[in-house]
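To start, the structure under review is shown below, and the notes come after it.
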Number of protein chains: 2
Amino acid sequence: MEREDLGALLAQLMRRVMEAERPILDAQGLSMWGYAVLSRLADQPIQTQQALAKAIGYDKSRLIPLLDTLEQDGLLTRQPDPTDRRAHTIALTPEGTARLKATKSAIHTMEEDLLAPLTASQKQTLFIALSRLKP
Amino acid sequence: MEREDLGALLAQLMRRVMEAERPILDAQGLSMWGYAVLSRLADQPIQTQQALAKAIGYDKSRLIPLLDTLEQDGLLTRQPDPTDRRAHTIALTPEGTARLKATKSAIHTMEEDLLAPLTASQKQTLFIALSRLKP
DNA sequence: TATTGTTATACTCTATAACTATA
DNA sequence: TATAGTTATAGAGTATAACAATA
């Protein structure tokens with residue numbers, strides 16, 4: 001058993017990151033999944049709620065109450081698609097964009113802090129490796 | 001928003017790893033947490049169940065039925081500590097050690113396969129970085 | 001009084017299947 | 001009939017508090 005499990009290493013770091021994110025998200029009034037939704041919406045336009053659910057790895061049935069909350073909070077809008085009235089197009093409001101930007105900024109600051117033990121080169125390689133390995 | 005979130009990258013890779021581990025663990029008749037327990041026990045001796053729970057990030061109350069199963073499967077033994085009869089010392093059986101070894105070997109093979117897109121140097125840096133960042 | 005292991009219980013997260021309205 | 005969104009519900013995972021035995 002010469003090296004540690006990749007899974008165990010990822011799990012440990014993941015837990016650290018999530019613990020550090022929680023107070024930031026709380027302060028911004030966002031859940032982890034709410035943040036995932038806003039991030040994905042800012043990334044590029046998305047057609048259906050099902051596509052959104054799949055993109056962030058969330059179940060479509062759980063997505064409904066989450067979108068309800070985000071809509072009530074004025075962070076996004078849901079509108080029936082004129083070309084297919086079953087579908088709803090989802091769009092960030094200006095407030096949603098602003099909230100996302102503030103949250104992402106605080107999270108990146110936290111992450112840089114957490115990454116401080118690494119050299120610039122190690123940090124760069126870490127992000128390259130993770131990006132290359134994701135599906 | 002110049003770079004991706006570390007948390008999102010970790011989550012995506014974590015999901016991939018866990019999906020790839022599931023069939024291996026199923027074939028070995030182990031749950032994810034059962035594997036975590038065996039791994040930790042093989043690492044170095046541990047005094048109390050509470051210490052074990054904390055070490056793997058599991059709740060002490062949930063640990064009980066998990067240890068029950070592993071004990072029934074003949075993979076570990078629980079014996080009252082003679083010096084403190086409240087405490088139980090936990091030890092891997094030879095079968096537990098063998099099962100762990102076979103599982104870890106299969107998981108590492110899978111991981112190497114998954115890590116194939118990286119150069120040897122990137123792979124090495126990834127493990128160094130993850131090890132350095134864990135708590 | 002404090003601690004180890006245990007049990008019971010409640011709470012959250014997640015997935016499945018069934019419903020509606022459109023296509 | 002098939003699909004988008006929705007709802008209801010069951011199941012798994014998780015945490016909290018209370019208990020017995022021992023220190």
Side-chain angles (χ1 to χ4, degrees), chain A residues 7-8 11-12 14-19 21-23 25-26 29-37 40-41 45-72 76-91, chain B residues 7-8 11-12 14-19 21-23 25-26 29-37 40-41 45-72 76-91:
Chain A
Q12 284 175 88
M14 190 70 205
R15 202 173 307 167
R16 263 196 87 186
V17 170
M18 283 179 65
E19 271 171 25
E21 276 185 7
R22 195 167 317 139
L25 292 169
D26 285 351
L30 285 176
S31 67
M32 193 185 67
W33 289 111
Y35 176 66
V37 164
R40 178 61 190 79
L41 289 176
I46 198 146
Q47 296 309 326
T48 66
Q49 295 183 187
Q50 259 185 106
L52 173 59
K54 192 174 179 187
I56 65 171
Y58 208 56
D59 195 89
K60 64 167 184 160
S61 70
R62 293 193 288 151
L63 190 59
I64 313 292
L66 177 56
L67 291 179
D68 289 345
T69 309
L70 293 170
E71 192 176 19
Q72 276 165 25
L76 55 80
T77 57
R78 265 190 285 194
Q79 285 181 339
D81 183 334
T83 69
D84 180 347
R85 298 209 357 256
R86 292 173 305 182
H88 288 41
T89 51
I90 304 164
Chain B
Q12 285 174 87
M14 190 71 205
R15 202 172 307 166
R16 263 195 87 186
V17 170
M18 283 178 65
E19 271 170 26
E21 277 185 5
R22 195 167 318 139
L25 291 170
D26 284 351
L30 285 175
S31 67
M32 192 186 68
W33 288 112
Y35 176 65
V37 163
R40 179 61 191 78
L41 290 175
I46 198 146
Q47 297 308 327
T48 66
Q49 295 185 185
Q50 259 184 108
L52 172 59
K54 192 175 178 187
I56 65 171
Y58 208 56
D59 196 89
K60 65 165 182 161
S61 70
R62 292 192 289 150
L63 190 59
I64 314 291
L66 177 56
L67 291 179
D68 289 344
T69 309
L70 293 170
E71 193 176 18
Q72 277 166 25
L76 55 80
T77 57
R78 265 189 286 194
Q79 286 181 339
D81 183 336
T83 69
D84 180 347
R85 296 207 0 256
R86 292 172 304 180
H88 287 41
T89 51
I90 304 164

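Because the structure is predicted, anything quoted here is derived from the model rather than measured. Only this structure's heavy atoms are used, side chains among them; waters, hydrogens and symmetry mates stay out. A note on names: the letters A, B, ... follow the listed sequences, proteins ahead of strands, and every chain is numbered from 1.
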From [atom1] of [X] over to [atom2] of [N], roughly how many Å is that when rounded to an integer?
| X | N | atom1 | atom2 | answer |
| --- | --- | --- | --- | --- |
| Tyr58(A) | dT16(C) | OH | P | 15 Å |
| Leu63(B) | dA15(D) | CG | P | 13 Å |
| Asp68(A) | dT6(D) | CG | P | 7 Å |
| Met32(B) | dT14(C) | CE | P | 13 Å |
| Glu71(B) | dG5(C) | CD | P | 13 Å |
| His88(B) | dA21(D) | NE2 | C1' | 10 Å |
| Gln50(A) | dT6(D) | CD | P | 11 Å |
| Arg78(A) | dA4(D) | CZ | C1' | 12 Å |

> Heavy atoms under 4.0 Å, any strand shown: does Asp84(B) hit a base, just sugar-phosphate, or nothing?
Replying inline: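 Touches sugar-phosphate only.
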
> Hey, are the side chains of Gln49(A) and His88(A) touching, using non-hydrogen atoms and a 4.5 Å cut-off?
Replying inline: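 Gln49(A) vs His88(A): side chains touch.
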
> Would a 4.5 Å heavy-atom cut-off, applied to side chains only, mark Thr89(B) and Thr48(B) as touching?
Replying inline: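 When only atoms from C-beta onward are counted, Thr48(B) and Thr89(B) do not touch, as no gap falls below 4.5 Å.
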
Of the nucleotides [options], which has the atom closest to the [X] side chain?
| X | options | result |
| --- | --- | --- |
| Arg86(A) | dA4(D), dG5(D), dA15(D) | dA4(D) |
| Lys60(B) | dG5(C), dA15(D), dG5(D) | dG5(C) |
| Ala87(A) | dG5(D), dA23(D), dT16(D) | dG5(D) |
| Ser61(A) | dA8(D), dT4(C), dT7(C) | dA8(D) |
| Arg62(A) | dG13(D), dC13(C), dA17(D) | dC13(C) |
| Thr48(B) | dA15(D), dT4(C), dA21(C) | dT4(C) |

> If you measure from the Lys or Arg side-chain nitrogens to the Asp or Glu carboxylate oxygens, is any gap between Asp59(A) and Lys54(A) under 4.0 Å?
Replying inline: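 No, Asp59(A) and Lys54(A) are not salt-bridged.
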
> Are Asp68(B) and Arg78(B) close enough for a salt bridge, meaning some N to O gap below 4.0 Å?
Replying inline: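 Salt bridge: yes.
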
> Between Tyr58(B) and Leu52(B), does a side chain to side chain contact (heavy atoms under 4.5 Å, CB included) hold up when you go through it step by step?
Replying inline: CA-CA 8 Å; Tyr58(B) 208 56; Leu52(B) 172 59; over 6 Å; no

> If each of Asp81(A) and Asp59(A) is mapped to the nucleotide of DNA chain C with the nearest heavy atom, which maps nearer the 5' terminus, i.e. the 5' end?
Replying inline: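 Taking each residue's closest nucleotide, the earlier one in sequence belongs to Asp59(A).
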
So, does [X] get its side chain near the phosphate of [N], meaning an N or O under 4.0 Å from OP1 or OP2?
| X | N | result |
| --- | --- | --- |
| Gln49(A) | dA4(D) | no |
| Arg85(A) | dA21(C) | no |
| Trp33(A) | dT14(C) | yes |

